[in-house]
Amino acid sequence: MRNQKRNLVVSTMFQQAGHATGIALGVGLGIALIIYLLGLIVSRNLASFLVSLQALPDIASSILNVLLMAIFLVTPYTDFKWAIQNGISRKTLWQGRILSLFSMTLVVWFISQLAGLMNTPFDLVSAWHSLLSYFSLSLTMMAIGNGFALLNRRWKWIVGIGLPVICLVVLMMLAYSMVGLIPAISASTVLQAILNSKITVWVILVIYLIIVYTLARFFNNKIQLRRD
């Protein structure tokens with residue numbers, strides 16, 4: 001029974017994503033095609049028009065990338081209300097949403113790789129790094145979306161404006177502090193070796209993903225029905 005409800009969450013999310021994808025691709029590619037046709041009418045250069053059409057796969061890939069992030073950023077509270085109405089627990093909702101995230105990310109990444117093959121040859125290292133970037137961004141958007149789902153409209157505006165400002169100030173303070181540490185870092189061969197090591201990057205990435213995953217699940221378990 002639990003698996004059936006989890007699969008229901010996954011199938012429902014894919015249906016919603018498919019509907020949104022159809023609209024987004026129709027509008028985005030339609031606008032691009034109209035612009036290209038207007039360019040053809042003005043310039044009467046058929047070769048240039050045919051070359052322009054080659055950009056459509058890249059445009060479609062970009063639309064899917066943005067849509068993937070938007071889905072997990074704006075839908076958590078709507079999905080939660082739907083789950084409550086259908087007797088689905090937060091745990092099952094979380095399982096369905098995280099499975100949907102992984103599946104949708106793989107689909108969008110695969111389409112992006114196919115579109116990229118039109119311009120550049122396939123590179124396994126670049127593809128692997130791209131996949132990690134896709135998962136990291138998707139999971140980050142889910143964590144942010146789940147966090148915003150806890151807030152009413154007023155606090156969404158406050159946090160949505162205040163949090164980026166605070167982050168910018170913190171980053172500027174860190175950058176200013178790092179400037180003072182540059183001489184010490186330059187003088188220390190150990191610190192240079194740590195900073196230049198590929199292992200350091202992977203350790204930071206793993207820690208980041210663990211933190212973001214934990215926050216996304218924590219926020220998911222705290223979502224409540226509210227009055228906006």
Side-chain angles (χ1 to χ4, degrees), residues 6-40 49-83 93-149 156 160 164 205 208-209 212-213 215-217 219-220:
R6 183 192 62 198
N7 294 337
L8 177 62
V9 173
V10 175
S11 62
T12 301
M13 288 201 66
F14 266 89
Q15 289 174 5
Q16 294 173 348
H19 181 69
T21 299
I23 296 174
L25 288 178
V27 173
L29 295 180
I31 292 174
L33 189 57
I34 290 173
I35 293 174
Y36 296 155
L37 287 172
L38 291 175
L40 175 62
F49 173 72
L50 294 177
V51 171
S52 298
L53 292 180
Q54 296 178 6
L56 291 179
D58 288 332
I59 294 174
S61 177
S62 299
I63 292 173
L64 291 177
N65 293 342
V66 173
L67 194 60
L68 175 66
M69 305 305 155
I71 285 174
F72 292 99
L73 181 64
V74 303
T75 62
Y77 186 69
T78 303
D79 291 343
F80 170 72
K81 289 196 298 183
W82 170 84
L93 176 64
W94 166 257
Q95 292 173 351
R97 282 178 58 81
I98 199 68
L99 283 175
S100 298
L101 181 143
F102 287 128
S103 302
M104 291 181 189
T105 301
L106 279 174
V107 171
V108 173
W109 170 82
F110 183 72
I111 294 173
S112 176
Q113 293 302 305
L114 288 180
L117 289 177
M118 298 182 63
N119 302 316
T120 57
F122 179 78
D123 181 75
L124 181 60
V125 175
S126 297
W128 168 242
H129 291 168
S130 174
L131 181 59
L132 286 176
S133 299
Y134 273 61
F135 278 127
S136 299
L137 287 173
S138 299
L139 196 57
T140 300
M141 291 300 105
M142 174 181 275
I144 295 173
N146 288 358
F148 270 84
K156 283 180 180 177
L205 178 61
Y208 174 79
L209 290 177
V212 173
Y213 178 90
L215 288 175
R217 185 163 188 175
F219 292 148
N220 176 86

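Scope of the values below: all heavy atoms of this structure, side chains included, with no hydrogens, waters or symmetry mates. Just so it is clear, the model here is predicted, and its values are computed rather than measured.
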Evaluate the criterion side-chain contact (heavy atoms from CB on, under 4.5 Å) for residue pair N220 and F80; output intermediate values, then yes/no. CA-CA 9 Å; N220 176 86; F80 170 72; over 6 Å; no
V74 versus P76, closest heavy-atom pair with distance: C-CD, 3.3 Å
Decide side-chain contact (heavy atoms from CB on, under 4.5 Å) for M142 and W94; before the verdict, give the C-alpha distance in whole Å, the side-chain angles of both, and the deciding distance to 0.1 Å. CA-CA 11 Å; M142 174 181 275; W94 166 257; 3.7 Å; yes
Indicate yes or no for a side-chain donor-acceptor contact from S130 to the backbone of S126 under 3.5 Å, with no hydrogens or angles considered. no
From K81 NZ over to T75 OG1, what is the distance, rounded to the nearest 0.5 angstrom? 12.5 Å
Rounded to the nearest 0.5 Å, what separates atom CG in L33 from atom CG in L38? 9.5 Å
Show your reasoning for whether side-chain contact (heavy atoms from CB on, under 4.5 Å) applies to F72 and M13. CA-CA 10 Å; F72 292 99; M13 288 201 66; 3.7 Å; yes
Please name the pair of heavy atoms, one in A24 and one in L67, separated by the smallest distance, quoted to 0.1 Å. CB-CD2, 4.3 Å
State, to 0.1 Å, how close V9 and R97 come at their nearest heavy-atom pair, and which atoms those are. CG1-N, 4.0 Å
Using side-chain heavy atoms (C-beta onward) and a distance below 4.5 Å, is L209 in contact with F135? no
Hey, what do you get for CG (L139) to OH (Y213), rounding to the nearest 0.5 Å? 8.5 Å
Would you find a donor on one side and an acceptor on the other, under 3.5 Å apart, between the side chain of S61 and the backbone of P57? no
With side-chain contact (heavy atoms from CB on, under 4.5 Å) as the test, would you mind laying out the steps for S103 and V10 before giving the verdict? CA-CA 9 Å; S103 302; V10 175; 5.6 Å; no
OG1 of T78 to CH2 of W82: how many Å apart, nearest 0.5 Å? 12.0 Å
Looking at every non-hydrogen atom in both residues, tell me the closest pair between L29 and L56 and how far apart they are. CD2-O, 3.8 Å
Within the structure provided, determine whether W109 and S133 are in side-chain contact (heavy-atom separation under 4.5 Å). no
Do you know the tightest heavy-atom contact between Y36 and A55? OH-CB, 3.7 Å
The residue among L64, T21, I63 that forms side-chain contact (heavy atoms from CB on, under 4.5 Å) with V108 is L64
Would Y77 and N146 count as having a side-chain donor-acceptor pair, cut-off 3.5 Å? no
Does S138 use its side chain to pair, donor to acceptor, with the backbone of Y134 at less than 3.5 Å? yes
So how far is it from Q16 CD to S100 OG, rounded to the nearest 0.5 Å? 9.5 Å
Could you tell me the separation between the CG atom of L205 and the CG atom of L132, rounded to the nearest 0.5 Å? 6.0 Å
Side chains of L106 and L131: does their closest heavy-atom pair fall under 4.5 Å? yes
